[in-house]
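Before any comments, here is the structure.
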Amino acid sequence: RLASPAATRLAELLPEGALPGHGDAWARRLFEDGEVSAGRIGFHGVAADFPFRRGEGEFSADFDVRAATLHYALHWPPANGVDATVSARGPAVEVRFEHGAISGARIDGAVVTLPDVATRERQLHIHGTARGPAASALTVVRDSPLALGRARRLQELEIDGPIALDLDIDIGLYPNGPHLVDGVAHFDGNRISAPAHHVTLDDVTGTVEFDQGAWQGKHLAARYGDGLVQLAVQGGGDPQAEASFSLEGAASAADLVDDLHRYTPALHGWLASNARLDAFSGRARWRATLALPNAAAVADGAHQRLVVESDLQGLGIDLPAPLAKPRDSVRPLKIAMTLEGGRPTRTEVTLDDAVAVELESGLDETGRARLLRAEAVLGERTPRFEGLPGLSLRGRTARLPLGDWTRFVSQANAAARDGAPAPLGLPLSFDVATDELHVLGRRFGPQRLVGTYDAQGWQVAVSGEDVAGRLAMPRDPA
């Protein structure tokens, strides 16, 4: 019998030295505090023969513990306030929770089992449900070996609101033993933010299932901006990618402008400098996918990649050709961004076969995003970027409203001189052919325009059946 009702004395029930390896030490620290409220112990046989694998004897125990702190595994957060029933049959031990908590999450009805406490490679299995603030789950990740695996990505998220976790955990209680976590996370109206990527989702519902290192979302939905989105998340199934996240929904023109500011500040600044942030109207469906490479791929030079796609049907664009678009037309748009530190450093934008743009960005001395170069190609189904410096434009377009575009460029640089966030402080070179040139209120036939725009102003050579010659215009006509 126990000389004290203290749960810390339960280890005295086992014969000294009965547990190989560090088993005796594990049994002594299993309970930090708490009391035994009731119990029964049966031991028949010679202590040296424990755990009686050949039937030399018998060991059994059943007792209740109250308000205990349970240290079930090294490097894992303890369970606090535990009310449970402890049962032992030979080398097998089972702890059935009535109540308890881990890192602030309530544990009800959990079962902890050790099939063989007397082996060197003891394996602990935990099955149960945890309910509580989502921050509790993040704390468990941070304070356990999970922080060394794929689950560490959870620490990059901010999750508000309660969640429920159905868990099956296998922990090897020996050096280099496995730490396997399977289960389901249930979301019901949570808010999830990824500060590094400037994304916040509200009213998240659905589940995320994880199994043997792989995981995927099921029936996930959320509110993003002023619309509802469907989520697809998965990880662990690609040898090069650690995880991928996809959102699909419909965006208003206002949402589009916000996203331009967030992900392509150079394009947003260009529109702002021309007072054309109102050039978009209506709504369009879209899909965005964020791919996170694993450590091996990062070591080989891989980066995070964000791809946004839309057919733009339902969205009107009031910009000069070839960017102009009525609401009802379909023009496939794809924006592919390479991210470093959550910030786009290289962006490719394609608008059907009409326009393809490659942007490279960095940071200025104040830490603001700064355009380093931009190369635009017109009219190529498979555009080839040449890595040209500054701003460059080449290719062919059916219609070119030259007056509108020269006004765009001039206004952007005027805004840059006044300190506005405009991207066109870089020199511009162009070589563009068009079937239809509009300038000075007139329409001309096929033309080719080759020239530059720099600190001195415009230098343009025009060649065609209707017009031929050279034009020079200072940067600031005033």
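Heavy atoms of other residues, nucleotides or ligands lying less than 6.0 angstrom from CZ of R343 number more than 12. A 6.0 Å sphere centred on NE2 of H261 holds no more than 12 heavy atoms belonging to other residues, nucleotides or ligands. For CD of E465, the number of neighbouring non-hydrogen atoms (other residues, nucleotides, ligands) closer than 6.0 Å is 12 at most. Heavy-atom neighbours of R29 CZ from other residues, nucleotides or ligands within 6.0 Å: above the threshold of 12. No more than 12 heavy atoms of other residues, nucleotides or ligands lie within 6.0 Å of CG in D188, so this atom counts as exposed by the packing criterion.
Among E375, E358, E340, the one residue that satisfies the salt bridge (Lys or Arg N to Asp or Glu O under 4.0 Å) test with R346 is E358. Partner of R305 under the side-chain contact (heavy atoms from CB on, under 4.5 Å) criterion, out of L292, T338, L290: T338 alone. If you run salt bridge (Lys or Arg N to Asp or Glu O under 4.0 Å) between D435 and each of R396, R399, R443, R448, only R396 comes through. If you run side-chain contact (heavy atoms from CB on, under 4.5 Å) between L247 and each of V308, T289, L201, only L201 comes through.
Proximity of Y72 to P77: side-chain heavy atoms (C-beta onward) are separated by under 4.5 Å at one or more points. Looking only at side-chain heavy atoms (C-beta outward), V208 and L220 come within less than 4.5 Å of each other. Side-chain contact between L371 and L391 is present, with at least one heavy-atom pair separated by less than 4.5 Å. Using a 4.5 Å heavy-atom threshold, the side chains of R373 and P389 count as separate. Counting heavy atoms from C-beta on, the side chains of P332 and D352 come closer than 4.5 Å. Residues F245 and L231 have side chains not in contact (no heavy-atom distance under 4.5 Å, counting atoms from C-beta outward). Side-chain contact check for F444 versus L400: every heavy-atom pair is 4.5 Å or farther apart. Residues L449 and L437 are in side-chain contact: their nearest non-hydrogen atoms beyond the backbone lie under 4.5 Å apart.
Across every non-hydrogen atom of P320 and D404, the tightest pair is CG-CB, 3.7 Å. Here the closest non-hydrogen pair linking K334 and V307 is CE-CG1, 3.8 Å. Nearest approach of T434 to A398, heavy atoms of both residues: OG1-O, 3.5 Å. Nearest heavy-atom pair, G189 versus T205, reported as atom, atom and distance to 0.1 Å: N-CG2, 3.7 Å.
How far CG of D182 is from CZ of F210: 8.0 Å, rounded to the nearest 0.5 Å. A distance of 8.5 Å separates CG in D353 from OG1 in T382, rounded to the nearest 0.5 Å. For the atom pair R191 CZ and T200 OG1, the distance stands at 5.0 Å (nearest 0.5 Å). How far CZ of R331 is from CG of L312: 8.5 Å, rounded to the nearest 0.5 Å.
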Candidate pair L319 and L271, rule side-chain contact (heavy atoms from CB on, under 4.5 Å), full reasoning: CA-CA 10 Å; L319 291 173; L271 292 170; 4.0 Å; yes
Worked verdict on I192 versus V199 for side-chain contact (heavy atoms from CB on, under 4.5 Å): CA-CA 8 Å; I192 301 179; V199 173; over 6 Å; no
side-chain contact (heavy atoms from CB on, under 4.5 Å) evaluation trace for R394 with V377: CA-CA 5 Å; R394 73 176 193 281; V377 179; 3.5 Å; yes
CA sep, side-chain torsions, deciding dist, call: L260, F280, side-chain contact (heavy atoms from CB on, under 4.5 Å): CA-CA 12 Å; L260 286 176; F280 307 98; 4.1 Å; yes
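In this structure, D255 does not pair ionically with R283, as no charged nitrogen and carboxylate oxygen lie closer than 4.0 Å.
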Using residues 125-137 as the side-chain source, report each donor-acceptor pair under 3.5 Å to any protein atom, sequence neighbours left out, with the distance given to one decimal.
| residue | atom | partner | partner atom | Å |
| --- | --- | --- | --- | --- |
| H125 | ND1 | I169 | O | 3.4 |
| H125 | ND1 | D170 | OD1 | 3.0 |
| H125 | NE2 | D168 | OD1 | 3.3 |
| H127 | ND1 | D168 | OD1 | 2.7 |
| H127 | ND1 | D168 | OD2 | 3.4 |
| T129 | OG1 | D166 | OD1 | 2.9 |
| S136 | OG | S103 | O | 3.0 |
| S136 | OG | P133 | O | 3.3 |

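Residues passing the side chain to side chain contact (heavy atoms under 4.5 Å, CB included) test with E121 are Y174, sequence neighbours excluded.
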